[in-house]
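Working notes for the structure below.
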Amino acid sequence: MTVVHYLNQFFAGLGAEEAADHEPVRLDGAQGPGKALAAAGLAIDLTVACGDDRFALDENECLATLLSWIEEADADVVVCGPSFGSGRYGYACGVLARELGRSGMPVVAAMTPDSPGVLASEGAAYIVPTTGNVAGMRDAVPIVASLAARLAAGDPVGSSEEEGYLPRGLRVNVLSDELAADRAVGLLLAKLGGEVRTEIAPPTDRVAPPDPLADPTAALVALVTEAGCVPQGNPDRLPTRHANVWLRYPIGDRADLAPEDYLSVHAGFDTTDANEDPDRLVPLDAARALVQAGRIGRVHDEFFTTTGVDTPVAVSRRMGQEIGAELRNAGVDAVILTGT
Amino acid sequence: MSHTRADLEIAAFAVDEVVEGTLTGRDGTTLLVSSSQLAVGAGEPALAEATVEVVRPGDHVRLTNVLDAVVPDIRADDPASSFPGVLGGTWNDAAHPRVDRLTGVVVLPVCDWKAAGLVGPEEFPPSYVDMAGPGQDRSPWGSTSNVVVRCSPAPGASIADADAAIRRIALRVARTLAATTVDATPDDVRRIRALTETDPDLPGVCAILQVASEGPLTDTFFDGANLRDLMPRMVDPAWLAAGRLTNGAYDWPGVRNTTANYQDLALVRALERAHGDALRFAGLILAPGYLDTAEAKRRGAEASATLAAELGAAGAICTTFSSGNSHTDTMLTVRALESRGIATTALVCETNGGLTDHVAEADCLVSTGNEDELVAAWTPERIVGGGDGDAGRAVPMVHYLSSCVQTGDGGWTSVPA
């Protein structure tokens, strides 16, 4: 088992604030808090460290150096921190964890729940919550050591509630002792008794509607659909369901979408009526009429499409963000989004 | 609902082992299965053949293209009326029915629609049951002995005819296996009584069982008739236990309501246990899901809530059928119920990104698991049911039959990590 530990300049013993510009360094074995981790049963093979300011100023370069050293060490797990309440150190730990996580490397970090490193990690690390200063070291170290040792060995790790790490925004499956029916009856009786509990917290990513268009008559309007509308023959093989891609097709000066040119490959509804007139999927004819009437400015010269059936919410969110970014870059002011 | 019907007796006969033999019968807790006796040939013109094979927990086997699960049942008092409307006979509330049931064994019909050329390459998702390996505990049928009925449609047969034949065969095999119990002494007898009056101060609670019927391969059947025009209606829980509600919907297997779920609905059992103690079981509502339009969804939700109110329910438990679209039906039903002052709990599965739909009123949810979570790769020694079975590849939970079923019959749930 190979364990790599990331520290900032202070905890690596390179100096305090005057060493905050210190370039990345490699140090053999455990340094500073690494010795406490070793005492808790997690032997540190390599310590990598970087000054907080240096990381903030040369993030990409520092990351590349640190990641290459960690890869060279053939690490089984990486521990970052504890960074406690330090903003810069916490951020560096979070960013390093995120990049390592993307390559599949298990990472354990420790910091305050409001540290910028928590957001920066994007759920890639098991983050043990700490107090704002080193007084929390004693509590954090055994949890960090235990998690890291098991991750390195490929042993299972329990839920955030069981293990004490911060929820990573992920949901993992566990087999309950009770059938869902029994849990449902228990939850309903509790609710009827005034105690409302839930196994699924309500979503927090509600999107507030934007302000109305200041001047619709000048607006560039795009057509976006999840109805699986594609050119005849589906040349780019848009999946009929469970799509994880979106496509765009030029509209050019077409007045509408003709049935001999377009169809729906959506597997989630009867497409007969839609295929008789693909404008029912992508209302180009209606949009052209609005332009003609002077009610909107122009129609964007491409339409965007995917199949919205059996698509995981995370994939939908990602595709929405990608399409949104494209539309924003194209200067689109408004979208007509047709759903099925 | 009838409050005058006779009790339905479910007589359970435990099966510890299933072995293949020359005759079908029972020897104590061992079930003997004659594959040749059960195989189907000319009796169903829409099928080229239907072969029978037994698989057991621990076998290095992945079952693929699994359509349904059926608990072996027979109407001991009137065998011809088992699974009424499909195998024959009719249900009579005034009769004194007894169902003999084998436990620990199920019938799993299997058909590779794609290989038969009846569906497109991505039209139906893979449907697995693993008898060993890391995915064995995902489907409840990974821990039962399974009589697999592997069906091949006849060339030229329509998909509707082939499907109807497969459903008939699966139920017929189930009835034949259960017929081995006739005149034997059961291990246990459960009585499903007509709901009785109880302490009026107890809160009335109803269950809303969502089903959907959209066409061949996506239908649910009551007495053999599809439920495409279903409006919310009361059903007697005994009707389900007697095999009147059967599955013919083969979309995402992880969230598929199988016939076996309907035959022994855990939610009904839980409410019956609590009846007269912590609550008053006010009734079971069969409600449509996967409705096509926003208006139909609103209408269905309002009708379910109206029925629940008429039952005097203070609370309702909403189940969900399949994935995606139907979650909106569930959420609208929750909203309609809560707007009438009826407290709700809903059963829903999750995805990696959260819920497919959610309304603010849904403040009390039961998670039946994250359907997107990957189950570790496994290479079985044998694949039964056709295709490559994703051997050696990680498989999302949603491909395991009934792993995240939203009727309350599963144990999987999802927790923060």
Side-chain angles (χ1 to χ4, degrees), chain A residues 123 126 157-163 165-193 196-206 239-242 265 267-270 308-318 340, chain B residues 120 122-123 125 137 203 205 215 251-252 265-271 274 278-279 292 314-317 323-325 343-348 350-356 358 360 362-373 397 404-417:
Chain A
Y126 293 87
V157 166
S159 68
S160 59
E161 196 176 354
E162 291 167 333
E163 301 278 2
Y165 58 84
L166 296 174
R168 296 177 297 161
L170 305 177
R171 303 274 293 178
V172 297
N173 289 325
V174 295
L175 200 49
S176 168
D177 294 334
E178 281 186 295
L179 288 180
D182 296 313
R183 305 201 311 275
V185 171
L187 283 179
L188 183 61
L189 288 173
K191 184 172 176 177
L192 287 166
V196 180
R197 289 183 277 126
T198 184
E199 294 182 358
I200 308 173
T204 57
D205 59 349
R206 300 281 185 200
T240 61
R241 66 194 313 159
H242 219 59
V265 295
F269 69 100
D270 183 344
V309 55
D310 300 328
T311 308
V313 175
V315 175
S316 300
R317 187 178 292 127
R318 190 254 301 159
T340 59
Chain B
E122 293 175 347
E123 207 167 330
D137 61 1
V205 173
D251 217 321
W252 292 99
L265 208 58
L267 190 51
V268 165
R269 277 187 276 120
L271 290 169
L279 55 80
D292 279 344
I317 297 173
S323 203
N325 182 317
T344 57
T345 297
L347 295 118
V348 287
E350 303 176 57
T351 74
N352 269 345
L355 296 171
T356 306
H358 185 263
D363 59 1
C364 183
L365 297 173
V366 171
S367 166
T368 63
N370 173 1
E371 65 177 20
D372 288 331
E373 185 179 88
M397 181 91 155
C404 300
V405 67
Q406 301 156 107
T407 54
D409 291 274
W412 286 99
T413 188
S414 190
V415 297

Query raised in the report: Among A:Ala180, A:Ser176, A:Pro203, which has the most heavy-atom pairs under 4.5 Å with chain B?
Result: A:Ala180

Report task. Specify which of A:Val174, A:Val185, A:Thr240, A:Val157 makes the most heavy-atom pairs with chain B at under 4.5 Å. Result -> A:Val174

Query - 4.5 Å side-chain heavy-atom contact, B:Leu365 and A:Glu199 - result: no

Report task. Give, as side chain, backbone, both or neither, the part of B:Ser414 having an atom under 4.5 angstrom from any heavy atom of chain A. Result -> both

Report task. Measure B:Ala316 against the heavy atoms of chain A and call it side chain, backbone, both or neither at under 4.5 Å. Result -> backbone

Report task. Drop me the distance from A:Thr198's OG1 to B:Asp363's CG, to the nearest 0.5 angstrom. Result -> 7.0 Å

Query raised in the report: Are side-chain heavy atoms of B:Val415 and A:Val172 found at a separation under 4.5 Å?
Result: yes

Report summary line: Of the listed B:Gly324, B:Ala270, B:Ala360, the one with the largest count of heavy-atom pairs under 4.5 Å with chain A is B:Ala270

Report task. Heavy atoms only: give me the nearest B:Cys364-A:Leu187 pair and the separation to one decimal. Result -> SG-CB, 3.7 Å

Report summary line: One option among B:Glu350, B:Met397, B:Arg269 has the most heavy-atom pairs under 4.5 Å with chain A, and it is B:Glu350

Report task. Please state whether the side chain, the backbone, both or neither of B:Asn370 comes within less than 4.5 Å of a heavy atom of chain A. Result -> both

Query - Closest non-hydrogen atom pair, A:Arg171 against B:Glu373 - result: O-OE2, 4.0 Å

Query raised in the report: Contact part of B:Val268 toward chain A, heavy-atom cut-off under 4.5 Å: side chain, backbone, both or neither?
Result: neither

Requested in this report: Pick one of side chain, backbone, both or neither for A:Leu192, based on which atoms fall under 4.5 Å of a heavy atom in chain B.
Outcome: side chain

Query raised in the report: How about A:Glu178: does its CD atom have over 12 heavy atoms from other parts shown lying under 6.0 Å from it?
Result: yes

**Report entry** When A:Leu170, A:Val196, A:Leu188, A:Thr340 are compared by non-hydrogen pairs under 4.5 Å with chain B, the top option
**Finding:** A:Leu188

Report summary line: When the 4.5 angstrom heavy-atom criterion is applied to A:Leu189 and chain B, the contacting part is side chain

Query - Closest approach of B:Gly411 to A:Leu179 (non-hydrogen atoms, all atoms of both residues) - result: N-CD2, 4.1 Å

Query - Most contacts with chain A, counted as non-hydrogen pairs under 4.5 angstrom, among B:Asp251, B:Thr356, B:Leu271 - result: B:Asp251

Query - Main-chain N/O of B:Ser367 paired with A:Arg183 side-chain donor or acceptor, under 3.5 Å - result: yes

Query raised in the report: Which bit of A:Tyr165 is near chain B, if near means a heavy-atom gap under 4.5 Å: side chain, backbone, both or neither?
Result: side chain

Requested in this report: Hey, could you give me the CG/CD1 distance between B:Leu347 and A:Ile200, rounded to the nearest 0.5 Å?
Outcome: 9.0 Å

Report task. Counting only heavy atoms closer than 4.5 Å, note whether A:Ala267 contacts chain B via side chain, backbone, both or neither. Result -> neither

Query raised in the report: Between A:Ser159, A:Ser316, A:Gly158, which has the largest tally of heavy atom pairs under 4.5 Å with chain B?
Result: A:Ser159

Query raised in the report: Are any of the side-chain heavy atoms of A:Lys191 and B:Thr344 separated by less than 4.5 Å?
Result: yes

Query raised in the report: If you measure from CG on A:Asn173 to OG1 on B:Thr368, what distance do you get to the nearest 0.5 Å?
Result: 9.0 Å

Requested in this report: With the side chain counted from C-beta on, respond yes when A:Val315 and B:Asp372 share a heavy-atom pair under 4.5 Å apart, and no when they do not.
Outcome: no

Query raised in the report: Between A:Ala184 and B:Val366, which heavy-atom pair has the shortest distance, and what is it?
Result: CA-CG2, 3.6 Å

**Report entry** Interchain contact, B:Asp409 with chain A, by part (heavy-atom threshold 4.5 Å)
**Finding:** backbone

Requested in this report: Heavy-atom distances under 4.5 Å only: say whether B:Leu355 touches chain A with side chain, backbone, both or neither.
Outcome: both

Query raised in the report: Contact part of A:Arg317 toward chain B, heavy-atom cut-off under 4.5 Å: side chain, backbone, both or neither?
Result: side chain

